[in-house]
Amino acid sequence: MTDAKPPGHLRPARPEEVAGGTGTGRDTAGGAALGGGGRAPGVGTAGTRPKGTHARLNPAAELGFSGDPGQHGDPGDEMLHAQRVWDGTLATNRLDHLGVNTERQRVETKGVTVGASLLVDGWPEDVRRCLQSLVDHTDARVLALDLGNVDGAGDVLRELAEAHPERIAAWHVAEQPHWCGGTATWGESRAKLLQLDESEVHVLMDTDVALRGDALTPLVAAVVAGAVAAGWKGVEPSDGATAQTSIGIVPQWRQGPGGEGPEWREAGPGKVRALTGGLLAVRRAQAIGALPEDACYGAYADLELSLALPGDLVVPDEQPPVERLGRHDVPPAYLDRESRRNYDGVLRMLSAS
């Protein structure tokens, strides 16, 4: 796998192969022409009636029902059955058009390998909910690195990995996380998980989020369709005078080594400048080299990663089913120092772009 060429499975779906992608599913041109004029019924609607006749005002009534859900008609009536099939097809096409057909996305992403990576550095109950949600709602291979068994979080990881050995690969190290005074930094730990993963799509997930459904398929589908990365939250630079931006950056941080930077506002769906929110899927080949390995803590490291990736960043049209868990608070002085340090890197990247 190289950065120059995408993996074989990551190809955009062809629109003509997607049911309901365009049109309504009706062939209004009618069927084949008949010798005496008109067209064969059963294929389309145009040309099936002699000139001068009009559509029936209430064809449903002629079939024994009025459209009221309580009136079902004769179950053995073939015309009624055909009407139900037709109505169901139209409903399916409308769902496809709205982009909520998860099954279609699963077909599009079938065969694409996905690895979801987690850093386990405390908050054992959140670790349990996060891991269990991945097992319950996705088919992704989970790669988890325990840093120092903080508050027994590593024990929870070990328990779940033993219960689901085919799904969860776990590594345990004695080094404490950097925010606890240890030597295990966010960037180096994330880079190790990225190197251990052999999947085409690598998911970076924080343990303060959990899935309420299959939230990974829409993100992976966006990557398969051509994006370099996709997430459930997006942000864009914004010129406004606010006390604090939507991602927590205070105004005085805008002056950094890279000059004055922008404020940020929430953005999406569609293409965005950066992804955030603790859950994003990225082409693994492109993430290698873009990940900020020098980041000691994860705050705003996702902005650095986003700005370093070559290609489109996307938020899906439909909000993936993701749940925020409790806040993972670290010492305030540490949070302020490392957040500012990471954001200085963001300013440098913005000034160079």
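Counting from 1, the numbers follow the sequence of the chain as shown. Bear in mind the structure is a predicted one, so any value in this text is a computation, not a measurement.
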Does the side chain of Ser133 come within less than 4.5 Å of Arg212's, by heavy atoms? no
Can you tell me how far the CE atom of Met349 sits from the OG atom of Ser306, to the nearest 0.5 Å? 9.0 Å
Locate the shortest heavy-atom distance separating Gly277 from Trp232; write the atom from each residue and the value. O-NE1, 2.8 Å
Please determine whether a side-chain nitrogen of the Lys or Arg among Arg190 and Asp197 lies less than 4.0 Å from a carboxylate oxygen of the Asp or Glu. no
Atom pair CG/CD of Asp294 and Glu304 - distance to nearest 0.5 Å: 6.5 Å
Any side-chain heavy atom of His164 sitting closer than 4.5 Å to one from Glu159? no
Would you call the rings of Trp123 and His328 parallel, tilted or perpendicular, taking 30° and 60° as the class edges? parallel
Do the side chains of Arg348 and Asp344 get close enough for a salt bridge, i.e. N-O under 4.0 angstrom? no
Indicate if Leu216 and Val314 have the same hydrophobic cluster label, given that clusters are the connected sets of ILVMFWY residues with side-chain heavy-atom separations under 4.5 angstrom. no
Is Leu134 reachable from Leu325 through a run of I, L, V, M, F, W or Y residues, each pair having side-chain heavy atoms under 4.5 Å apart? no
Residues Glu323, Arg129: salt bridge by 4.0 Å N-O rule: yes
Using distance alone, with no hydrogens and no angle criterion, decide if Thr276 and Asp302 have a side-chain donor and acceptor under 3.5 Å apart. yes
Between Pro320 and Leu219 the two heavy atoms that sit nearest each other are CG-CD2, 4.2 Å
Are Leu309 and Val282 side-chain neighbours, meaning at least one heavy-atom pair lies under 4.5 Å? yes
Tell me the closest heavy-atom pair linking Asp317 and Pro269, and the distance in Å. CA-CB, 3.6 Å
